[in-house]
Enquirer: 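Right, I'll just put the structure down here and ask away after.
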Amino acid sequence: MATASKLRTVIVTGGAGYIGSHVVYCLVKTRQYKVISIDNGHNSFPEALARVSQLAREEQASETKPADLSEEDWLETNNIVIKDGDITEKEVVRALFEEQGGKGKVWGVIHIAAWKAVGESTEIPLTYYHNNASATIQLLQTMNEYDCKRFVYSSSATVYGIPPKVPIPETSPLGALSPYGKTKVMCEMIVEDLCTAQPEWKALSLRYFNPAGAHPSGRFGEDPKGTPLNLLPILGQMAVGRLPPTLNVMGNDYPTADGTCVRDYLHVMDLASGHVLALNKLVEDHSDIFPDKKKQYKQYNLGTGKGESVLEIVEAMRKATGFDYKLEIGPRRAGDVPALIADPALAQKELGFHTTKNLVEMCHDLWNWQSQNPNGFEGSA
Ligand code: WQD
């Protein structure tokens, strides 16, 4: 008779996306989880997870199977369950839990799926409230129904709006300016209230600063659908000729050293590792981070604690790619704030989170991915 699996089953929403695929890779590499990804393909490609699974399978040859893990479980860790579906549809989410055997079979959820373009959110706010807020409520309701009460939420530094000071601690007042940012604030509050009403829940909100780069293998990375809106993928696509070579610098009259906006760019692999650390804190009874058993909920910044300006990023990418970027100075972009830099002390102290890769490695890995995949995943065979 087959022995019961020792793997913890985790659902990752948005698992095929840029952040999601790197999080799934890091979960698989712990060899402790059975990973299920649900993704509607709005800003992702199934090919990303096919590559994650293939790479993890290849790398497993040089790993040592833990003595307490069955051969079946050991191999099962590479078998990512890739589901194409929209979490705004309740039956799609219920089916995920039913397929795992119903109540109590799914150990936890990492919720990454969301629409995330600040500017776009001001044009179609209802779509953002539907996809980000309503979908999260529905997901949490379904988790309750299936007795799944461990939750890691993908939040964002945009919840801080214009911070009173940088680096920004988690205690900084929230003040999102865009509908996108407001959905992140809203969802944090929803999760906190749920954990207050139902103290058996354990949840963490991870406030991402600016993720960038790609897996060092170059097998998967950031491949936004349509025209990229974020600085690093724009610079990557310029360097392979997918975009014109002139960067529109969105304002150089900010109160910063060189007049351009400063952000806290962290390597996506460091960000993804932070999710494993967060899950680890939900495994045991961690009173160190949840001293108050009446509300097992907390927020953490995931950032480096250092900032780089737009011009510094361009220079770093110029060195990584050898590409001669042209610049034109344009007007400020609505919603941009002068500087967003994390105070990462709490995550360092309580999660053991530390960024291990620097800006040079970030730009190198981005270029390694982009140069090997000039047309992203769609260009692959
Ligand atoms: C960085 C800087 C721009 C493009 C975004 C999302 C946010 C979060 C992180 C999810 C800014 C400047 C950009 C260009 C430019 N994602 N820029 N020319 O805005 O800090 O945050 O990613 O949580 O929700 O908004 O990142 O890369 O868009 O911009 O000058 O063509 O680069 O003004 O100062 P941002 P970004």
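Start at 1 and go down the list; that is how both ligands and their atoms are numbered. This chain uses plain numbering: 1 for the first residue, then up along the sequence.
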Enquirer: Students should be able to answer this: which protein heavy-atom is nearest to atom 27 (O) of ligand 1, and at what distance?
Expert: Leu231 N, 2.7 Å
Enquirer: Would you say Asp86 and Thr88 are linked by a side-chain donor-acceptor pair, where the criterion is simply a distance under 3.5 Å?
Expert: yes
Enquirer: Tell me if the aromatic rings of Tyr25 and Phe220 count as close, with their centers under 6.0 Å from one another.
Expert: yes
Enquirer: Is Glu188 paired with Arg207 through a side-chain N to carboxylate O contact shorter than 4.0 Å?
Expert: yes
Enquirer: Taking the inter-plane angle between the rings of Trp369 and Phe377 on a 0 to 90° scale, is it parallel (under 30°), tilted (30 to 60°) or perpendicular (over 60°)?
Expert: tilted
Enquirer: Decide, yes or no, whether a salt bridge links Glu145 with Lys103 under the criterion of side-chain N to carboxylate O below 4.0 Å.
Expert: no
Enquirer: Between Glu200 and Arg150, is there a side-chain N and carboxylate O pair less than 4.0 Å apart?
Expert: no
Enquirer: Could you tell me the residue and atom name of the protein heavy atom closest to atom 20 (O) of ligand 1, and the distance to it rounded to 0.1 Å?
Expert: Arg263 NE, 2.7 Å
Enquirer: How far is atom 31 (O) of ligand 1 from its nearest protein heavy atom, and which residue and atom name does that atom have?
Expert: Ile234 CD1, 3.4 Å
Enquirer: Relative to atom 15 (C) of ligand 1, which among Val314, Ile329, Asp264, Asn248 owns the nearest non-hydrogen atom?
Expert: Asn248
Enquirer: Which atoms of ligand 1 are found less than 4.0 Å from any heavy atom of Ser156?
Expert: 23 (O)
Enquirer: Is Asn210 close to ligand 1, meaning an N/O of one under 3.5 Å from an N/O of the other?
Expert: yes
Enquirer: Check each heavy atom of Val310 against ligand 1 and say whether those closer than 4.0 Å belong to the side chain, the backbone, both or neither.
Expert: side chain
Enquirer: What protein heavy atom is closest to atom 22 (O) of ligand 1, reported as residue, atom name and distance in Å?
Expert: Asn230 ND2, 3.6 Å
Enquirer: Tell me whether the guanidinium CZ or amine NZ of Arg318 lies under 6.0 angstrom from the six-membered ring centre of Phe323 and within 45° of its axis.
Expert: no
Enquirer: Which heavy atom of the protein is the closest neighbour of atom 33 (O) of ligand 1, given with residue, atom name and distance?
Expert: Asp336 OD2, 2.5 Å
Enquirer: Under a 4.0 angstrom heavy-atom cut-off, which atoms of ligand 1 come close to Leu229?
Expert: 4 (C), 28 (O)
Enquirer: Quick one: which ligand 1 atoms are inside 4.0 Å of a heavy atom on Cys261?
Expert: 34 (O)
Enquirer: Is there at least one pair of N or O atoms, one from Pro211 and one from ligand 1, spaced under 3.5 Å apart?
Expert: no
Enquirer: Atom 23 (O) of ligand 1: which of Trp115, Phe209, Tyr180 has the nearest heavy atom?
Expert: Tyr180
Enquirer: Do Tyr254 and Val310 have side chains that approach each other closer than 4.5 Å (heavy atoms only, starting at C-beta)?
Expert: no
Enquirer: For the 3.5 Å polar cut-off, considering only N or O atoms, please tell me whether Met250 and ligand 1 meet it.
Expert: yes
Enquirer: Regarding ligand 1, does Thr158 bring an N or O atom to under 3.5 Å of one of the ligand's N or O atoms?
Expert: no
Enquirer: Give the atom numbers and elements of ligand 1 that come within less than 4.0 Å of a heavy atom of Val249.
Expert: 30 (O)
Enquirer: For the ring pair Tyr208 and His275, is the centre-to-centre distance below 6.0 Å?
Expert: yes
Enquirer: Looking just at side-chain N and O atoms, do Gln60 and Lys65 make a donor-acceptor pair shorter than 3.5 Å?
Expert: no
Enquirer: Tell me every residue that passes salt bridge (charged side-chain N to carboxylate O under 4.0 Å, His left out) with Asp292, counting only those two or more places apart in sequence or in another chain.
Expert: none
Enquirer: Of all the non-hydrogen atoms in the protein, which one sits nearest to atom 19 (O) of ligand 1, and at what distance?
Expert: Arg333 NH2, 2.7 Å
Enquirer: Quick check on contacts: which atoms of ligand 1 are under 4.0 angstrom from a heavy atom of Val118?
Expert: 24 (O), 25 (O)
Enquirer: List in chain and number order the residues that pass salt bridge (charged side-chain N to carboxylate O under 4.0 Å, His left out) with Asp336, two or more places apart in sequence or in another chain; answer none if no residue qualifies.
Expert: Arg263, Arg333
Enquirer: Quick check: does Tyr265 get an N/O under 3.5 Å from an N/O on ligand 1?
Expert: no
